[in-house]
Number of protein chains: 2
Amino acid sequence: MGETLISIIPDMERKIVDEFVKKAVELDHPLLEKTVKPVRLVEIGRDAKGNGVPVSSESIEEMPGKLLRKGDSICMDFGDHHVGYVTLKLNSAGSPQDAPAFLRLKFAEIASEILDDSSTYQGWISKGWIQEEFIHIDVLPCELKLPRRYAFRYLEVLAIDTSQKFQVVVEDAGLTAVSSVSMEDVKPLEGLPEDLQKIDRASLKTLQDCMQHVFEDGPKRDRRLWIGDLRLQAKANYVTFKNYDLVKRCMYLFAGLTRGDGKIGACLFTEPVMQVDDTFLWDYSLFFVSILHDYYQETKDLEIVKELWPAAYTQIKLALDDMKDGVLDTSENPMIAFIDWKEGLDRQAAAQGVWIYCLRHGKVLAQLAGDTAALDELDGLLKDAVEKAVSRFWDEEQGFFVSGAKCQVSWSSQAWMVLADIFDQEKSRELMLHLLDVKPAMGVMTPYAYHHVIEALLHVGEKDKALELMRTYWGGMIDLGADTFWEAFDPADPLASPYGNMQVNSFCHAWSCTPAWLLREYF
Amino acid sequence: MGETLISIIPDMERKIVDEFVKKAVELDHPLLEKTVKPVRLVEIGRDAKGNGVPVSSESIEEMPGKLLRKGDSICMDFGDHHVGYVTLKLNSAGSPQDAPAFLRLKFAEIASEILDDSSTYQGWISKGWIQEEFIHIDVLPCELKLPRRYAFRYLEVLAIDTSQKFQVVVEDAGLTAVSSVSMEDVKPLEGLPEDLQKIDRASLKTLQDCMQHVFEDGPKRDRRLWIGDLRLQAKANYVTFKNYDLVKRCMYLFAGLTRGDGKIGACLFTEPVMQVDDTFLWDYSLFFVSILHDYYQETKDLEIVKELWPAAYTQIKLALDDMKDGVLDTSENPMIAFIDWKEGLDRQAAAQGVWIYCLRHGKVLAQLAGDTAALDELDGLLKDAVEKAVSRFWDEEQGFFVSGAKCQVSWSSQAWMVLADIFDQEKSRELMLHLLDVKPAMGVMTPYAYHHVIEALLHVGEKDKALELMRTYWGGMIDLGADTFWEAFDPADPLASPYGNMQVNSFCHAWSCTPAWLLREYF
């Protein structure tokens, strides 16, 4: 995910559990590397709806014959989304090179980005995220080894200026793609219709490209470990790449690097030093419980449960600090919990669902850890929470959970209450069908929130409805040429961005990888 | 000098004399290095006339305390013009760095350049010359070691974007300044008035910063060996730094790397391979004769005269190919000879002066080399040339040499005819005084051409007039804050550029270093 809010806590006290950090460091392994070459040259134009698409292409063999004068460009297509390090072999043609060659390199996850003009960017997150470099080359020929990592499929090289005497030639280009896992390690799903195969493939590629030294949220942006993404990535990883060390490493990082009182952050950094960010989200901290629970279910590793249960339990106890009368207090900060980027969303009811969901997982862990005192406490909290979910949020008349002072009916509230098992399966199923029938205006904006709606549908046995939604939503990205799934996507408005500008959107985003899990788990 | 014209000769045949190139390589020595630190922080504004000047300053100690947010900048002043390699120690402040820092670094030889907006540059030579870098820093703190060489006094660091969570800090900056010579090796002139001392100092600095692995024309632009600059640099070097190896190396390079027929180029490249450019200027090729002559006069090295005389003689013979009836044929290419950047200048008469000047030097060399056949030939050529200088160009009525079909009276024509000794000293003196009196509209534009006017004045004994002009012209640059002298300067229009835009002008340019020579030679 991106920055849900600008959280700045001056001089925040941090706690480091050396033992956990040490284990996290030991669980870091060298990345797998793969050499990738561009497959063709393309020209990017716009389709009838204004989306960027390749409108013509040429053999990559033509590249060394392209003499780039001032203003000329070529665009390489690497055939798929990749994350890695690029080397260009550049040369000059014509008379001797009598001036520095001045080049712009543009890395694009999707074709539209090639058409974006970065000088117009006015969004509220850093322009520094735009994958664009301005480079002077004093002496050609040269091998230009770019030090930064990029996430991209398309690479445009523009000669901003050469001189009237010489031209620039891109003789060759190569990419060392990196990930902690290989696509070859996952068996594609068999017998699926072609559109679902494509969705599965893009989900796997999304997950692969986000699996680096940590589970990153997006390899273009923010390139770091967010706990909300981690929960979904880990689940998808269990049924695909099965890289358990990486999950374990991330859990140790979150447990080892906390706020002074033990509160787990929404995200953390591994460079220049390992440290937790000063951003906290109520639901995200709680999800540590869920992640540990899921890891146990997958690995049956009781040791780590015993080791990390105290950290998980701390999240539940600290969550209470932000609650009032048994529900999350959103009066001061409406975005105290994340839930979704959707503007205007009242997060109180959905947060109650998350609370219950995590309390249930907490109980399992307390049992495993033999922490009977905690078990008793959680039991009480859970009973109260479920009771409050109904008494405070259920509107029998509308047949919906409502949230906040204005009794908002949202998709996310229903999804999370269903996942929290407030009602029995049949009543939950009716609720979900009612949701699809009524289609309340307060919908979902991100694949993260879409996932929870679909997971809720599958939870109540509505496979067809779930599949339909998956096909519309994830399929909608595939129809727009996606090789990996996006951070944000509104089928009704494909150019929408939570940041005020598409240019900084991540088009390979961890929380969008879940079809690979859902298709394997439920079908 | 810059590009006088865009000369492109497709598939030009080149000749390499391995023996000369080998000697040139052996004469290359490691550069002297000097560590330089910024001396203060400045803010650059405009004075009443619109020139960029430091309008306020702060101690450099304040730098690590400056937290650069989006759009903030600092400007370091390194106290003098330097050429070299920069390292910045960067850090972040505030919350953890949650986005790449996106910086613009601007290197400026003069304060005005800091105020220039490179996005508006539309001149006819490459924008690549503007010393500006756009850099993403993924992880702070870091030591940013810039791989390129810059020529500058001021360095501005602008935070194009950070994020709302962190700021960029420039903790320290350092420059490894390079040159083949040291300022400490030259004794400043004593007993001069302060303004002339300043002119001498800036001349020496100009020469020093242009003396690298070759005599460069300008360390900002074009950073290479031009023969017109070399002639003046070598003369200034003989009375100051006395680096004879560097002159010798450059002579071997020009003699060793020629056009197929032995024609010496106007400039040559040493990277990526040593090769002559496909630009030829009639006067510049001839100046090889003069450079060899001057080197002998300084060193009395007869060996090299014997070795390189054939190459020098070839330039005289090939010069004849472009002549018709004993004078340069400018009918097809008015800029076949350089003389000056001045627009509209008719170069025929001045070229005749250069021709005679070089023939005289050629005779000396032929004598030394014992080439009696050549001596006879040169004798005949010289007599004819002097006769033509008078019969074709002298206008007794106006008391001026006139040039071309329109009988243009220019400063450069008079200066070169005086340097060529067409008349005796007294008549030449009258001509120069007449020139200063009449002040013809077709003046001189570059320090290169100004030099020849002043040298002509000194040649006829008019020291006061020469000094007056030097004070107006070179002193005019000092008044504008110059630490080194510029490629082009028009006192009446300080913002003029031969390239349509000041941003690519070189403000430390070899051909402007001659006051250091003239003050030592004539005073």
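Chain naming here is simple, since letters A, B, ... match the order of the sequence lines and numbering starts at 1 in each.
Although no hydrogens or angles enter the test, the distance criterion places no donor-acceptor pair under 3.5 Å between the side chain of A:Asp222 and the main chain of A:Arg224. One N or O on the side chain of A:Gln97 and one on the backbone of A:Ala99 form a donor-acceptor pair closer than 3.5 Å. Side-chain atoms of A:Thr120 come within 3.5 Å of backbone N or O of A:Asp117 as a donor-acceptor pair. With hydrogens and angles ignored, the 3.5 Å screen pairs no side-chain donor or acceptor of A:Gln131 with any backbone N or O of A:Phe152.
At a threshold of 4.0 Å, the pair B:Glu487-B:Lys220 does not count as salt-bridged, since none of the basic side-chain nitrogens sits closer than that to a carboxylate oxygen. Remark: A:Glu216 does not engage A:Arg221 in a salt bridge, criterion side-chain N to carboxylate O under 4.0 Å. Electrostatic pairing of B:Lys263 and B:Asp261 does not count as a salt bridge here, judged by no charged N lying under 4.0 Å from a carboxylate O. A salt bridge does not link A:Lys106 to A:Glu133: none of the charged nitrogens lies less than 4.0 Å from a carboxylate oxygen.
For chain A, no part of B:Pro147 is nearby; none of its heavy atoms comes within less than 4.5 Å. Neither the backbone nor the side chain of A:Ile137 has a heavy atom closer than 4.5 Å to any heavy atom of chain B. Interface residue B:Ile160: only side-chain heavy atoms are found under 4.5 Å from chain A. Looking at A:Pro10, there are no atoms closer than 4.5 Å to chain B (heavy atoms on both sides), in backbone or side chain. Contact annotation for B:Ile9: only backbone heavy atoms (N, CA, C, O) come within less than 4.5 Å of a heavy atom of chain A. Contacts of B:Ile130 with chain A are made by backbone atoms alone, with heavy-atom separations under 4.5 Å and no side-chain atom involved.
Listed in order of number, the residues of residues 86-94 of chain A that approach chain B to under 4.5 Å between heavy atoms amount to none. Among residues 267-278 of chain B, the residues having any heavy atom closer than 4.5 Å to a heavy atom of chain A are, in sequence order, B:Phe269, B:Glu271, B:Pro272, B:Gln275, B:Val276, B:Asp277, B:Asp278.
Ring centroids of A:Tyr499 and A:Trp341 are separated by less than 6.0 Å, placing the two rings close together.
Side chains of A:Ser163 and A:Lys70: no donor on one and acceptor on the other come within 3.5 Å. No hydrogens or angles considered: a donor-acceptor pair under 3.5 Å links the side chains of B:Ser118 and B:Glu132.
Between B:Trp511 and the options B:Phe338, B:Tyr284, B:Phe215, a ring pair (Phe, Tyr, Trp, His ring centres under 6.0 Å) holds for only B:Phe338. With B:Tyr150 as reference, B:Phe107 is the one residue of B:Trp129, B:Tyr85, B:Phe107 to meet the ring pair (Phe, Tyr, Trp, His ring centres under 6.0 Å) rule.
Most heavy-atom pairs under 4.5 Å with chain B: of the set A:Arg148, A:Lys127, A:Arg223, this distinction falls to A:Arg148.
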